[in-house]
Amino acid sequence: MSRHEKRKDRMWAGRLQQETDELVQEFNASIEFDRTLAGEDIRGSIAHATMLGEAGILSSAETEALIEGLRDINREVEAGGFEWRTALEDVHMNIERTLSERLGPLGGKLHTARSRNDQVATDFRLWLRSRTHETISLLRHFRTTLVDLAQTHLDVIMPGYTHLQVAQPVRFSHHLLAYYEMLTRDQARFRDSLYRLDVSPLGAGALAGTGFPIDRQRTAELLGFAEVAANSLDAVSDRDFALEFLAAASITMMHLSRLCEELILWSSAEFHFVTLPDSHATGSSIMPQKKNPDVPELIRGKTGRVFGALMGLLTVMKGLPLAYNKDMQEDKEGVIDAAKTLQTCLQLLSDLLPKLELHKTQMRRAAGAGYSNATDLADYLVRQGLPFREAHEVVGRLVVLALGQGKDLEGLTLEEMRSVSRAIDATVFDTLKLENVVDARQSYGGTARGQVEAQIARAKQILSQETES
Ligand code: ARG
């Protein structure tokens with residue numbers, strides 16, 4: 001390439017006298033990742049050209065030719081035939097330069113009343129709006145999967161834990177529905193973020209607006225934005241929308257990671273509550289007996305990169321003076337990666353969960369172990385007239401007695417129990433039965449069958465009311 005040609009590649013070269021250092025050129029370029037925004041960039045340019053034509057800033061013949069040229073480029077990008085050049089730095093200049101090479105000086109008119117600063121903010125918002133809608137759909141699908149499973153396994157009893165010590169028995173459905181609640185909040189966070197994301201920065205220019213008689217309402221309308229950004233400085237400086245996406249993605253990943261942690265524990269030989277489907281597990285290259293929970297482990301691990309993207313962008317933004325700063329080019333890679341990671345993880349878990357094999361007998365056995373009915377015995381004593389604190393003390397002594405004999409509470413004889421408290425009679429044994437323990441918890445949101453059925457019905461109703469996004 002001649003010196004002259006090299007200079008031509010830099011669309012801002014008018015001001016600079018000498019060539020750009022090669023390492024600098026590479027360092028400055030974002031084309032490797034921002035070409036992901038090519039479709040949005042072209043849509044934005046078509047809207048901008050349309051508006052310039054309508055406002056009389058360009059003639060209708062010029063507008064038509066520009067739009068035609070942009071559509072051709074779009075087809076090439078979609079077919080994978082477009083030639084991306086690092087020397088042209090980013091997606092915006094690659095497309096504009098190719099347009100100019102094909103249309104001659106007319107191509108240079110597209111950038112009238114526009115800057116890459118409002119252009120990139122527009123592209124990124126359009127791109128993230130699509131990813132947000134997709135994420136909402138994936139979340140809804142996952143929630144539906146959880147509710148369906150809760151329905152199928154309504155009578156599977158498992159231990160509920162606090163401090164990872166057996167606490168009280170719960171329905172497996174109840175446990176699944178806890179995740180339904182978390183993911184419902186996650187979905188609401190993404191939905192809510194759209195109010196601030198769906199705003200058009202286009203027409204803010206470099207930072208201060210433009211002297212041309214543009215119509216920002218019109219470009220917003222053409223791009224389907226709900227609103228127009230009210231302050232041009234804010235419009236080009238703001239990356240809150242990307243941070244909000246990352247924050248919502250981080251919280252969702254944290255939830256997925258907790259579920260994965262449970263799947264990993266449950267599939268261990270020590271718990272043996274579930275077996276993962278072969279389709280979502282792997283073997284060991286040295287230990288022939290092993291089946292490893294790689295998919296849940298990797299989802300748990302990938303949570304780190306999504307949190308990292310959030311911390312990274314918060315740190316990029318924290319010291320920036322208004323308005324655009326080149327630092328902000330660092331906004332894209334983390335968000336693109338986080339969106340893909342989150343979507344893949346949601347899909348994987350939605351596929352995996354229905355294929356889990358449950359070891360119901362073992363889950364039930366574990367639910368009955370560890371004196372998980374001790375609270376019920378205390379509640380029983382309260383109903384017999386003891387203050388709760390006294391009942392608590394009595395049951396503590398009964399647990400010590402049973403432990404000493406290597407028995408469950410229900411393994412003690414009535415005489416043994418009465419030796420600790422005269423308030424106990426033969427009806428105690430009913431209270432101690434696992435099913436009764438579970439079904440005693442009839443408070444709203446509790447684990448009794450009727451309550452879990454009500455949760456399922458409520459979830460189904462909410463899901464059916466949500467409109468497709
Ligand atoms: N590639 C740049 C970015 O991603 C586009 C905006 C560049 N604007 C500028 N004035 N250098 O942020």
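Remember, it's 1-based here, ligands and their atoms both numbered in the order they're listed. Residue indices begin at 1 and follow the sequence shown.
Nearest protein heavy-atom contact of atom 5 (C) of ligand 1 is Asp90 OD2, 3.5 Å. Taking atom 8 (N) of ligand 1 as the reference point, the nearest protein heavy-atom neighbour is Asn117 OD1, 2.9 Å. Counting only heavy atoms of the protein, atom 11 (N) of ligand 1 lies nearest to Arg116 NH2, 3.4 Å. Nearest non-hydrogen protein atom to atom 2 (C) of ligand 1 is Gln329 OE1, 3.3 Å.
Aromatic pair Phe245/Phe190: centroids less than 6.0 angstrom apart. Phe124 and Phe241 have their aromatic ring centers within a separation under 6.0 angstrom. Residues Trp266 and His359 place their aromatic rings such that the two centres sit no closer than 6.0 Å.
Near His92, the atoms of ligand 1 lying under 4.0 angstrom from a non-hydrogen atom of the residue are 5 (C). Every atom of ligand 1 is numbered from 1 in the order shown, and the set under 4.0 Å from a heavy atom of Ser30 is 1 (N).
Judged by the 6.0 Å distance and 45° axis criteria, Arg129 is positioned over the aromatic ring of Phe225.
Within the set Phe33, Tyr324, Phe124, the minimum heavy-atom distance to atom 3 (C) of ligand 1 is found for Tyr324.
Aromatic ring pairs are classed by plane angle as parallel below 30°, tilted from 30° to 60° and perpendicular above 60°; the pair Phe271 and Phe273 is perpendicular.
Side-chain N or O atoms of Arg102 include none that pairs as donor or acceptor with a backbone N or O of Arg97 at under 3.5 Å.
Only the side chain of Lys332 comes within 4.0 Å of ligand 1, judged by heavy-atom distances.
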